[in-house]
Q: 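Attaching a single structure in structure tokens format; questions to follow.
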Protein chains: 2
Amino acid sequence: MLEQKSPRSKYRLKRQSLPEALADSLRERILNGEFKEGEPLVQEAIAAEYECSRMPVREAFRQLEAAGLIVSKIHKGAVVTTLPSEQIMELFELRAMLECDILTYALSRMTDHHLDMSEQVLEQLEDAYHKRDIAKVGALNWEFHRSLYVPAHRIQTLALIQGINVQTDRYIRLQLLLTSAFEEAEQDHRQILKLCRSHDPSVVEFMRGHIIRAGHNLLDALSTRKTSGTAA
Amino acid sequence: MLEQKSPRSKYRLKRQSLPEALADSLRERILNGEFKEGEPLVQEAIAAEYECSRMPVREAFRQLEAAGLIVSKIHKGAVVTTLPSEQIMELFELRAMLECDILTYALSRMTDHHLDMSEQVLEQLEDAYHKRDIAKVGALNWEFHRSLYVPAHRIQTLALIQGINVQTDRYIRLQLLLTSAFEEAEQDHRQILKLCRSHDPSVVEFMRGHIIRAGHNLLDALSTRKTSGTAA
DNA sequence: GAGATATACACTGGATCCAATCTACATAAG
DNA sequence: CTTATGTAGATTGGATCCAGTGTATATCTC
């Protein structure tokens with residue numbers, strides 16, 4: 001818990017405030033489904049768990065609220081956000097639009113170095129997938145997409161996409177538990193990388209399909225879960 | 001300062017925590033240029049101004065940071081974000097893409113009621129513009145755009161667009177001080193409303209031009225300011 | 001016994017206090 | 001005179017404490 005991430009310099013020391021570290025950890029736990037939709041997050045309980053006061057917890061909550069992962073009502077506390085299925089699909093549609101846009105920018109600027117990096121991430125992703133390490137798959141899935149977009153140098157767009165991916169990650173990880181539809185996504189990823197290597201503009205539309213299909217697959221999985229098993 | 005906003009019910013009482021109210025007020029002050037780019041925000045000073053402790057200020061800062069208006073480094077405090085001009089233009093391009101998308105959804109669902117509401121906002125906007133009330137123009141400009149998008153029922157998209165508009169608002173208000181390019185925007189707004197009334201799909205492309213032009217006009221204004229007057 | 005009122009407990013909101021870190025200035029060494 | 005070191009003041013980070021609100025249970029009235 002509370003590990004630091006993405007060290008730029010080789011000897012980078014802990015440079016993160018407690019609230020940020022807490023937010024990172026809590027975000028991860030929400031995405032992993034440890035805190036389920038609608039579940040209340042009690043300041044005191046979290047504080048006790050991390051052996052700190054409620055103060056940094058409150059600041060972390062503000063961050064998570066801004067990211068759309070929780071909502072907090074005054075004097076009533078925070079609960080994990082619940083999204084209706086239309087809004088989940090809307091998130092995937094937003095991703096499709098924004099990621100296709102940024103990929104168009106990125107495509108002409110990708111170097112072999114970039115592509116090798118992406119391939120490396122993809123290999124890790126495939127490895128994690130075969131080991132059924134859900135959390136790692138979720139994180140690496142985004143990391144792979146992200147690696148393709150970096151060459152675009154579209155800072156604001158990338159930040160926006162990252163925010164949306166945090167939200168969809170939650171459902172992607174859920175889907176990994178429910179279905180085996182991710183097999184298909186795996187093949188997509190290889191194809192995407194291949195098209196990128198040849199700088200083929202058709203990759204943009206392929207990416208759109210990849211994202212939209214993921215959304216539909218997920219919604220199918222969610223609806224069948226709801227109709228069939230109403231497990232607590 | 002710290003007034004409540006958007007009362008849905010007629011007798012809505014204060015239902016906002018201090019940090020939220022603070023964030024609203026500080027956001028407004030940043031957008032109005034009272035706190036300039038790169039200017040540090042000192043917790044104690046703000047707390048003294050609002051006659052509260054530093055605690056709610058810190059939580060408000062977290063919100064503003066998530067909105068991209070400030071950045072805070074550990075043990076070094078918060079400063080108002082400075083964006084390079086490419087990123088400002090990128091924000092306008094994002095707006096163009098997202099707002100055109102949502103407008104397409106909204107167009108077929110707009111009722112006369114919706115359109116009348118929009119017209120009402122537009123009249124207030126024109127009024128504020130003629131009175132040179134910069135803050136009001138900024139707020140109402142977004143409110144007009146927003147009113148056109150509400151019928152689309154695209155909650156996530158609208159939230160995203162709102163976030164970007166908060167950022168561009170800052171520069172729009174700056175532009176109002178620097179240039180008279182907003183005249184043109186005023187005419188655009190009337191034209192947009194007219195096209196919406198006839199549910200003419202060409203309004204989407206018109207909107208795109210409206211937003212992109214606004215971005216270019218702004219960058220022109222900013223660059224001439226930088227090259228000519230290097231006023232403190 | 002059902003509904004309204006009162007009260008106790010749990011939790012959040014905010015203030016004050018202490019510790020840790022940064023910055024700036026002063027001082028000393030080369 | 002320049003650079004390095006040390007120290008004091010300012011400012012942020014985090015903990016503890018108190019107050020206010022919400023909820024649930026118990027009590028009272030009809």
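Just so we're on the same page: letters track the sequence lines, and every chain starts at 1.
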Q: On a plain distance test, is the side chain of R54(B) in donor-acceptor contact with the base of dG14(C) below 3.5 Å?
A: no
Q: Please compare P56(A) and V42(B) by the position of their nearest nucleotide in DNA chain D and report the one closer to 5'.
A: V42(B)
Q: Y50(B) has an atom OH; how far is it from atom C1' of dA15(C), in whole Å?
A: 19 Å
Q: From C-beta outward on K76(A), which listed nucleotide comes closest to its side chain: dG22(D), dA15(D), dT21(C)?
A: dG22(D)
Q: Can you tell me how far P of dG13(D) sits from CD of E59(A), to the nearest Å?
A: 7 Å
Q: Contact class for Q43(B) vs. all strands (heavy atom < 4.0 Å): base, sugar-phosphate, or nothing?
A: sugar-phosphate
Q: Do S25(A) side-chain atoms and A21(A) backbone N/O form a donor-acceptor pair below 3.5 Å?
A: no
Q: Just N and O in the side chain of K73(B): are any of them under 4.0 Å from OP1 or OP2 of dT21(C)?
A: no
Q: Check whether any side-chain N or O of E90(B) sits under 3.5 Å from a backbone N or O of I155(A) as a donor-acceptor pair, and report yes or no.
A: yes
Q: How are the rings of Y149(B) and W142(B) set to each other: parallel, tilted or perpendicular (split at 30° and 60°)?
A: tilted
Q: Base of dG14(D), side chain of R58(A) - is there a donor-acceptor contact under 3.5 Å?
A: no
Q: Starting at atom CG of L18(A), determine the distance to atom P of dA19(C), rounded to an integer number of angstrom.
A: 17 Å
Q: Check the distance between dA15(C)'s P and L22(B)'s CG and give it to me in whole angstrom.
A: 9 Å
Q: Could you check F61(A) against M55(B) and say which one's nearest nucleotide on DNA chain C is further toward the 5' end?
A: F61(A)
Q: Specify the separation, in whole Å, of atom CD1 of I74(B) and atom C1' of dG14(D).
A: 11 Å
Q: Just verifying a value: how many Å separate L91(B) CG and E86(B) CD, rounded to the nearest 0.5 Å?
A: 11.5 Å
Q: Measure the distance from NE2 on H75(A) to C1' on dT12(C) and round it to the nearest whole Å.
A: 6 Å
Q: Rounded off to whole Å, could you give me the CD-to-P distance for the E51(B) and dG14(C) pair?
A: 15 Å
Q: Does the T81(B) side chain pair with the main chain of L69(B), one donor and one acceptor, at a distance under 3.5 Å?
A: yes
